[in-house]
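One structure below.
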Amino acid sequence: MRNIHEPLDRLARVHDGELADQVSATGAQALLSSIVSGPGATTTAVTAPSPWRLRMPRLVAGALAAGALVTGVIVGPGLLGDESATSYANSAIAIELDGDQYVARIKDPLADHVKYTEAFHAVGLDIDLRLVPASPTGVGKFLSVRWSKSSGAGPARSASGSSLPTLDFTPEGCQLHQAGCELTMRVPADYTGNMSLSLGRRAEPGEEYKNFDWATAPGEMFGGVRLEDGRPVDAMLAEARRRDLTVKFSRIRPDAETGALSFEPLPADQVRGDWTVWGAWQVKAGVIRLLVTPERLPENPFEKGAHLPS
């Protein structure tokens, strides 16, 4: 039986001399590969090679050889000062530099948005990405984009002048929730602005849609219904029944001074059939909300560019 007091460096498969200043050494690559690909490794980040970063203290090398549990390896901004990583991966997203662009591959559409932001920050991009529940036609599309402005209008641009961001599906035309469907987002590597993005994912059962104001768009629950001039409640209830939809109501209350709108949910038995419907919101699968007023307004408040609740 092997003496348990035998020095750890005698047991190690890879020794210090094989690691120091030898980025391409076979032993160093094998050790790094075993750390990153091991069953406990859940988060990885990689920067441009630098010899001093690959020097491992004797204690770490010995512990790895002795079978100590390794849960992950992060070689990124937190450990390397201010320099950003050239690639980063966690359980939700993987980002890597591809020429003059960073390519972000979404692995888990249901992950906490903190995971996505963590990855973008690791490669030096100030991007906050959130995947939110959306109706079928909103899946895989940006529902909102907020950015820093460099010239007063439009999204900030990289030095090459390209706009942000672009989306690709592999294979082309697949749906985000389908097995084997991969969504990637491309961002110029020299982009220096900040951006907040809301990207639609398939809603889980019972989840409310974040693209609620798409109700009358083509392919949506009330697609094709025209409400610019207002329609009677009775007519819209008949249309909802025809589409097998459950209806909820909210009363529109315009502010006389500012023109801002507020919305008061109302039970169906408090809404009369001769009231006017000015808009429709999709709540979740099979449920729609009609926006009504008891009186007929001079014009549709939504056609005046009234702000919707965020």
Side-chain angles (χ1 to χ4, degrees), residues 88 90-95 101-150 153-158 162-170 173-178 181-188 191-223 250 261 263 279-285 287-289 291 302 305-310:
Y88 190 93
N90 57 33
S91 60
I93 187 172
I95 304 178
Q101 294 181 320
Y102 276 107
V103 179
R105 178 170 58 87
I106 306 298
K107 298 192 292 182
D108 182 5
L110 299 177
D112 190 308
H113 79 277
V114 172
K115 290 287 187 181
Y116 308 127
T117 302
E118 167 191 290
F120 282 112
H121 285 185
V123 298
L125 296 173
D126 189 4
I127 293 178
D128 177 37
L129 174 66
R130 297 171 185 248
L131 270 69
V132 298
S135 62
T137 67
V139 173
K141 297 177 182 177
F142 287 119
L143 307 185
S144 68
V145 178
R146 296 181 176 88
W147 55 76
S148 62
K149 297 182 179 180
S150 54
R157 295 173 180 267
S158 68
S162 58
S163 298
L164 292 173
T166 59
L167 294 174
D168 295 300
F169 286 89
T170 304
C174 70
Q175 296 296 315
L176 183 58
H177 60 275
Q178 292 176 336
C181 185
E182 182 176 285
L183 172 64
T184 59
M185 187 172 80
R186 294 180 175 269
V187 182
Y191 178 71
T192 57
N194 62 74
M195 182 172 289
S196 296
L197 306 168
S198 175
L199 177 62
R201 62 162 173 80
R202 184 176 65 170
E204 293 292 284
E207 275 191 306
E208 295 191 358
Y209 299 147
K210 294 298 183 181
N211 59 334
F212 57 89
D213 54 323
W214 292 25
T216 57
E220 297 294 347
M221 287 190 288
F222 238 36
S250 282
L261 303 180
F263 304 91
W281 291 343
Q282 49 192 5
V283 179
K284 55 186 176 182
V287 181
I288 198 163
R289 182 177 298 276
L291 310 174
F302 297 106
H307 293 292
L308 300 177
S310 58

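Quick note: numbers below take in every heavy atom, side chains included, and nothing from hydrogens, waters or symmetry partners.
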Side-chain heavy atoms of Leu199 within contact of Leu167, under 4.5 Å
yes
Minimum heavy-atom separation for Arg202 to Glu207, with atom names?
O-OE1, 4.4 Å
Evaluate the side-chain proximity of Leu131 to Ile106: yes if any heavy-atom separation is below 4.5 Å, no if none is.
yes
Sidechain-backbone polar pair: Gln282 side chain, Asn211 backbone, donor-acceptor under 3.5 Å:
yes
Between Phe263 and Trp281, ring centroids under 6.0 Å
yes
Between the side chain of Asn90 and the main-chain N/O of Lys115, is any donor-acceptor distance below 3.5 Å?
yes
Any Asp128 side-chain heavy atom under 4.5 Å of Leu197 side chain
no
Can you give me the closest heavy-atom contact between Val187 and Pro165, atom names plus distance?
CG2-CB, 4.5 Å
What are the two closest non-hydrogen atoms of Ala119 and Ile93, and how far apart are they?
CB-CG2, 3.5 Å
His121 versus Asp126: any side-chain heavy-atom pair under 4.5 Å?
yes
Heavy-atom closest contact (Lys284 atom, Met221 atom, distance):
O-CE, 3.3 Å
What is the distance from atom NE2 of His113 to atom OG of Ser196, rounded to the nearest 0.5 Å?
9.0 Å
Any chance you could measure Leu129, atom CG, to Phe142, atom CZ, to the nearest 0.5 Å?
7.0 Å
Pro133 versus Glu208: any side-chain heavy-atom pair under 4.5 Å?
no
Can you see which heavy atom on Tyr209 is nearest to which on Ala203, and at what distance?
CE2-CB, 3.8 Å
Please tell me if the side chains of Val103 and Met185 come closer than 4.5 Å, counting only heavy atoms from C-beta onward.
no
Could you check if a side-chain atom of Leu291 sits within less than 4.5 angstrom of a side-chain atom of Phe302, using non-hydrogen atoms only?
yes
So which heavy atom on Gly138 is nearest to which on Trp214, and how close?
CA-CZ3, 3.6 Å
Scan side-chain atoms only and decide if Ser250 and Arg289 contain a donor-acceptor pair under the 3.5 Å cut-off.
yes
